[in-house]
Amino acid sequence: MLNLVLFGPPGSGKGTQSAKLIEKYKLIHLSTGDILRGEIAGQTPLGLEAKKKMDKGELVPDEVVIGMISNKLDANANATGFIFDGFPRTTAQAEALDNLLTKKKTAITVMLSLDVEKQELVNRLLNRGKDSGRADDQNIDVIENRIAVYNKETAVVGDYYKKQNKLQLIHGMGSVDEIFDRLSKAIDKAKN
Ligand code: ADP
């Protein structure tokens, strides 16, 4: 199996690149942000609880997102690989993911970490907020908080994969196609 963690701060291009990568490598895209927004749209109890956190730019509790990912892995038992996008976001989530994959006799192949300048992140998010309807992309304070939460709670997840020799830093500035090219090269190297 080919199991990728696509990593990086909010606005670093994980969703955009995932859409291209799943086509090229025939992977299943698991975005905890997308799954949570689906729960909100369906007005489920989980969605209503998660929305309070998401509207402030805070993280949803670990057990909630771990449970969601576990269900998706079970629901896609015949997949040839996954892209994890927006997950894991804490060390506890990374450990839980390793355990889930070990049970399925597989593992993370590589973590691709998109590196983008802060001002560019803010610009991209505000731009996305104009037509995505995402409330968390329309408020500069919420955007700043998400980036701060990333630096404080999520960036350490990079160290977790670095210790396993699985961290690949990818320059995340430039055109979508240039970045896709860099990602593809790193994946092709990690696969072999
Ligand atoms: P972005 O990375 O662009 O901020 P996402 O769609 O990945 O957007 O996530 C949106 C929000 O959903 C996050 O700010 C957070 O509140 C919540 N969320 C998504 N994934 C996780 C996760 N793995 N752990 C905790 N909260 C999460």
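Counting starts at 1 for both ligands and their atoms, following the listed order.
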Within 6.0 angstrom of Lys20 NZ, more than 12 heavy atoms from elsewhere
yes
Going by side chain to side chain donor-acceptor pair (under 3.5 Å), name the residues that satisfy it together with Lys53, two or more places apart in sequence or in a different chain.
none
Nearest non-hydrogen atom to atom 15 (C) of ligand 1 belongs to which of Gln93, Glu58, Met68?
Glu58
Student check: side-chain heavy atoms of Val60 and Thr32 closer than 4.5 Å:
no
Structural part of Lys52 in contact with ligand 1, heavy atom criterion under 4.0 angstrom:
neither
Under the criterion side chain to side chain contact (heavy atoms under 4.5 Å, CB included), which of Thr109, Leu73, Leu4 is the partner of Phe82?
Leu73
Note: ligand 1 atoms sitting under 4.0 Å from heavy atoms of Thr32 are 19 (C), 20 (N), 21 (C), 22 (C), 23 (N)
Taking N or O atoms only and a 3.5 Å limit, does Arg146 qualify as a polar contact for ligand 1?
yes
Salt bridge Asp159-Lys162, side-chain N to carboxylate O under 4.0 Å:
no
Partner of Phe7 by ring-ring contact (aromatic ring centres under 6.0 Å, His included), out of Tyr150, Phe84, Tyr161:
Tyr150
Test your reading of the structure: does Val60 have an N or O sitting under 3.5 Å from an N or O of ligand 1?
yes
Does ligand 1 come near enough to Arg37 that some N or O of the ligand is less than 3.5 Å from an N or O of the residue?
yes
Non-hydrogen atoms of Lys14 versus ligand 1: any pair closer than 4.0 Å?
yes
Near Arg128, which atoms of ligand 1 are under 4.0 Å from a heavy atom of that residue?
3 (O)
Just jot down the ligand 1 atoms closer than 4.0 angstrom to any heavy atom of Gly86, in number order.
20 (N), 21 (C), 22 (C), 23 (N)
At under 4.0 Å between heavy atoms, is it the side chain or the backbone of Leu36 that contacts ligand 1, or both, or neither?
side chain
Mind checking the OG1-CG spacing from Thr80 to Leu27? Nearest 0.5 Å is all I need.
6.0 Å
Select one of side chain, backbone, both or neither to describe which atoms of Arg134 lie under 4.0 Å from any atom of ligand 1, heavy atoms only.
side chain
By number and element, which atoms of ligand 1 are closer than 4.0 Å to a non-hydrogen atom of Met54?
11 (C), 12 (O), 16 (O), 17 (C)
Is there a side-chain contact between Phe87 and Ile66, using heavy atoms and a 4.5 Å cut-off?
yes
Considering only non-hydrogen protein atoms, determine which one is nearest to atom 2 (O) of ligand 1 and report residue, atom name and distance to 0.1 Å.
Arg89 NH2, 2.9 Å
Side-chain contact test, heavy atoms from C-beta onward, threshold under 4.5 Å: evaluate it for Val122 versus Ile140 and give yes or no.
yes
